[in-house]
Peer 1: 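First the structure, which I've put down as structure tokens, then a few questions once you've had a look.
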Amino acid sequence: MLTRASLTGSLGLALLAAAALPAAAEERGGSLAQAEWAQNYDSASTMRVQRSNTPILSPQTLVATEQMIERYRDIVGRGGWQPVSGAERLRVGAKSPAVASLRQRLIASGDLDPAAGASTVYDSYVEAGVRRFQARHGLNQTGSMNVTTVQAMNVPADVRLRQLELNAVRLRSYSGSLGGRYVIVNIPAALVETVEGDHVATRHAAGVGKIDRQSPIMNAKIQEVNFNPFWTVPASIIKKDLIPKMQKEPSYLSDNKIRIFDGEREIPPAQVNWRSDEATRYRFRQDPGVDLNSMGFVRINIPNPHGVYMHDTPAKGIFGDDFRFVSSGCVRVQNVRDYVAWILQGTPQSNPETIESIIQSGQRVDARPLAPIPVYWTYITAWSTPDGLVQFRDDIYKRDGVGAPTAAMTAAAQGPRNFNPDADEQTN
């Protein structure tokens, strides 16, 4: 069971991280970097998680998860926790009988010191406990209650225990040597880790596949970085997204610099019958360009049978969302400049000034890392870190089989409100 000292220390770290956030964002500099980092995703205890240098696929994580299983067996043995009701709109200053039950729920999972009492006032202690809970479940740390937070709290303790047990098996399957330098993509967490010398070098929020266009579980290797690539629109996106979009907005292709080719011959959009499937017979290619191209300025080439890869995106706003299940299978990477610099470490193209110069040139440049870098696309929905912090994520693709759908799955199923093509199969 978590002690009062460990809880107080955890909460203190979260508050210190929150205070340090503006300075950290300012240090990064540049308007684009600030646009990517000025998200709630990077607040408070999310920054605290980023300070951990333990990779999710590591022996230390496995040991910590096995220890957490024993703690959760004890919690379940003592009756677990009671559901929270009537708390969806609670925030600091509110007074309600629901606050008392909320306190008990936070105490049961170690997010609030038992000494905080049973008051019906939503005070700063409750707010800090809610922030900590939200951080552990990959939610924006608002400190205020909402439907998503309530639904995460109301997942029974025995379901969380089964998640931990199942994911311990998954973690154990990666117990061999993963390489000196490698990349982890944890799909349910929508998170990318770069690992060097058994320590996390960088972490990046990610956008991953929607429920109906899932990112695959796979092992591959980063072979090449393509700067300023063209994007060839996959047939699936032409049919599902592009044709309906053109029926509503006939200027969409020209506005987004997407050209149509019949073989090597370019044809005008007006020549295509958009009320039929004629468009699927043609090749659609988007010109390079950071602001419009669906891959942003870079594609990370990882040859694999699924035809997916990692890339930048012009839609930086997705990285501030709780539920970043937005792509057609590929992985979009936040702060991709840092990611590319790490991949190309030791090469002339790893220099930030060189990277920026290549981007601004608009010219296609291909660069290779010193050696192919292993990349592991994984599906870990529950784990613990050596500091005793247990993390849970929604079983977005329903691979765990241990619980009911949650708000995260509902939001992901709805997808983005506007068409935003994702570069998921081909490039030139």
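Below, all heavy atoms of this structure are taken into account, side chains as well, without hydrogens, waters or symmetry copies.
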Peer 1: Any side-chain heavy atom of Lys221 sitting closer than 4.5 Å to one from Ile373?
Peer 2: no

Peer 1: Contact between Trp383 and Leu164 at the side-chain level, heavy atoms closer than 4.5 Å - yes or no?
Peer 2: no

Peer 1: Could you pull out all residues at least two apart from Ala94 that satisfy side chain to side chain contact (heavy atoms under 4.5 Å, CB included)?
Peer 2: Leu90, Tyr122

Peer 1: Please tell me if the side chains of His311 and Cys330 come closer than 4.5 Å, counting only heavy atoms from C-beta onward.
Peer 2: yes

Peer 1: Out of curiosity, Phe227 CZ to Phe297 CZ, how far, rounded to the nearest 0.5 Å?
Peer 2: 6.5 Å

Peer 1: Using a cut-off of 6.0 Å, state whether more than 12 heavy atoms not belonging to Lys240 lie near its atom NZ.
Peer 2: yes

Peer 1: Is a side-chain N or O of Glu88 found less than 3.5 angstrom from the main chain of Met145, in a donor-acceptor match?
Peer 2: no

Peer 1: Is a donor on one side and an acceptor on the other found under 3.5 Å between the side chain of Trp81 and the backbone of Val76?
Peer 2: no

Peer 1: Salt bridge or not between Arg162 and Glu165? Use side-chain N to carboxylate O under 4.0 Å.
Peer 2: no

Peer 1: Taking only residues two or more places apart in sequence or in another chain, which ones pass side chain to side chain contact (heavy atoms under 4.5 Å, CB included) with Pro303?
Peer 2: Gln223, Asn301

Peer 1: Give the minimum heavy-atom separation between Ile343 and Pro369, together with the two atoms involved.
Peer 2: O-CB, 3.4 Å

Peer 1: May I have the step-by-step check of side chain to side chain donor-acceptor pair (under 3.5 Å) for Gln134 and Arg132, ending in yes or no?
Peer 2: CA-CA 5 Å; Gln134 290 168 331; Arg132 186 175 189 273; over 6 Å; no

Peer 1: So do Ile396 and Ile211 actually touch side chain to side chain, heavy atoms under 4.5 Å?
Peer 2: yes

Peer 1: Are the side chain of Thr385 and the backbone N or O of Leu389 linked by a donor-acceptor pair below 3.5 Å?
Peer 2: yes

Peer 1: Counting only heavy atoms from other residues, nucleotides and ligands, does the tally under 6.0 Å from CG of Asn351 exceed 12?
Peer 2: yes

Peer 1: Between Arg89 and Ser144 (side chain of the first, backbone of the second, donor and acceptor by atom type, cut-off under 3.5 Å), is there such a pair?
Peer 2: no

Peer 1: Leu62 versus Tyr174: any side-chain heavy-atom pair under 4.5 Å?
Peer 2: no

Peer 1: Mind checking the OH-CZ spacing from Tyr379 to Arg399? Nearest 0.5 Å is all I need.
Peer 2: 6.5 Å

Peer 1: Using modelled atom types only, decide if a donor and an acceptor are shared between the side chain of Thr65 and the backbone of Ala168 within a distance under 3.5 Å.
Peer 2: no

Peer 1: So, Arg105 versus Ser101: side-chain donor-acceptor pair below 3.5 Å or not?
Peer 2: no

Peer 1: Salt bridge check: are Asp400 and Arg160 linked by an N-O gap of less than 4.0 Å?
Peer 2: no

Peer 1: Show every ring pair (Phe, Tyr, Trp, His ring centres under 6.0 Å) that has at least one partner inside residues 53-78, sequence neighbours left out.
Peer 2: Tyr72-Phe392

Peer 1: May I ask you to test the Thr194-Tyr182 pair for a side-chain heavy-atom distance under 4.5 Å?
Peer 2: no

Peer 1: Quick one: pull up CG in Leu344 and CD1 in Ile222 and give me the separation to the nearest 0.5 Å.
Peer 2: 9.0 Å

Peer 1: What is the distance from atom CG of Asn186 to atom CD of Gln391, rounded to the nearest 0.5 Å?
Peer 2: 10.0 Å

Peer 1: Which heavy atom in Ala108 sits nearest to a heavy atom in Ile75, and how many Å separate them?
Peer 2: O-CD1, 3.8 Å

Peer 1: Starting from the C-alpha separation in whole Å, work towards a yes-or-no answer on side chain to side chain contact (heavy atoms under 4.5 Å, CB included) for Thr378 and Arg170.
Peer 2: CA-CA 9 Å; Thr378 64; Arg170 290 173 177 159; over 6 Å; no

Peer 1: Looking only at heavy atoms, which two atoms of Arg103 and Ala116 are closest? And how far apart?
Peer 2: NH1-O, 3.0 Å

Peer 1: Working note: Arg213 + Asp241, criterion salt bridge (charged side-chain N to carboxylate O under 4.0 Å, His left out); need CA distance, chi angles, decisive distance, verdict.
Peer 2: CA-CA 13 Å; Arg213 306 185 197 183; Asp241 300 311; 3.0 Å; yes

Peer 1: Given Asp395 and Val402, is the side chain to side chain contact (heavy atoms under 4.5 Å, CB included) satisfied, shown in steps?
Peer 2: CA-CA 9 Å; Asp395 177 22; Val402 297; 5.6 Å; no

Peer 1: So how far is it from Asp74 CG to Ile69 CD1, rounded to the nearest 0.5 Å?
Peer 2: 14.0 Å

Peer 1: Indicate yes or no for a side-chain donor-acceptor contact from Asp113 to the backbone of Ala115 under 3.5 Å, with no hydrogens or angles considered.
Peer 2: yes

Peer 1: Using every non-hydrogen atom in the two residues, find where Leu102 and Val126 come nearest and quote the distance to one decimal.
Peer 2: CD2-CG1, 3.8 Å

Peer 1: Decide whether Asn140 and Thr142 meet the rule of one side-chain donor and one side-chain acceptor closer than 3.5 Å.
Peer 2: no

Peer 1: Of the non-hydrogen atoms in Ser384 and Met68, which two are nearest, and what is the gap between them?
Peer 2: OG-CE, 3.5 Å

Peer 1: To check you understand the geometry: which heavy-atom pair defines the closest contact between Met153 and Leu106, and what is its length?
Peer 2: CE-CD2, 3.6 Å

Peer 1: Are side-chain N/O atoms of Ser58 and Thr61 paired as donor and acceptor at under 3.5 Å?
Peer 2: yes

Peer 1: Is a side-chain donor or acceptor of Ser357 paired with a backbone partner of Thr354 at a separation under 3.5 angstrom?
Peer 2: no

Peer 1: Any donor and acceptor pair, going by atom type alone, linking the side chain of Ser215 with main-chain N or O of Gly209 inside 3.5 Å?
Peer 2: yes

Peer 1: Quick one, Arg364 with Asn226, criterion side chain to side chain contact (heavy atoms under 4.5 Å, CB included). Give me CA distance, side-chain angles, the key distance, then yes/no.
Peer 2: CA-CA 7 Å; Arg364 170 67 175 262; Asn226 310 129; 3.6 Å; yes

Peer 1: Look at atom CZ of Arg172 and say whether more than 12 heavy atoms of other residues, nucleotides or ligands are closer to it than 6.0 Å.
Peer 2: yes

Peer 1: How about CD on Glu356, more than 12 heavy atoms from neighbouring residues, nucleotides or ligands closer than 6.0 Å, or not?
Peer 2: yes

Peer 1: For Asn304 and His306, indicate whether the former's side chain and the latter's backbone hold a donor-acceptor pair under 3.5 Å.
Peer 2: yes

Peer 1: Could you give me the CA-CA distance, side-chain angles and deciding distance for Thr202 and Asp338, then say whether side chain to side chain donor-acceptor pair (under 3.5 Å) is met?
Peer 2: CA-CA 8 Å; Thr202 64; Asp338 294 343; over 6 Å; no

Peer 1: Output the distance between atom CG (Leu161) and atom CZ (Arg73), rounded to the nearest 0.5 Å.
Peer 2: 6.0 Å

Peer 1: Are any of the side-chain heavy atoms of Pro244 and Lys239 separated by less than 4.5 Å?
Peer 2: no

Peer 1: Starting from the C-alpha separation in whole Å, work towards a yes-or-no answer on salt bridge (charged side-chain N to carboxylate O under 4.0 Å, His left out) for Asp312 and Arg332.
Peer 2: CA-CA 6 Å; Asp312 182 31; Arg332 310 175 187 181; over 6 Å; no

Peer 1: Only one of Val333, Val336, Val225, Val340 passes side chain to side chain contact (heavy atoms under 4.5 Å, CB included) with Met310; say which it is.
Peer 2: Val333

Peer 1: Just checking, Arg181 and Trp342: is the charged tip under 6.0 Å from the six-membered ring centre and within 45° of the axis?
Peer 2: yes

Peer 1: Give the C-alpha distance, both sets of side-chain angles, the deciding distance and a yes or no for side chain to side chain contact (heavy atoms under 4.5 Å, CB included) between Val92 and Asp123.
Peer 2: CA-CA 6 Å; Val92 170; Asp123 56 24; over 6 Å; no

Peer 1: When you measure from the side chain of Gln141 to the backbone of Leu139, do you find a donor-acceptor pair of N or O atoms at a distance under 3.5 Å?
Peer 2: yes

Peer 1: Looking at side-chain heavy atoms only, is the closest gap between Ile184 and Trp377 below 4.5 Å?
Peer 2: no

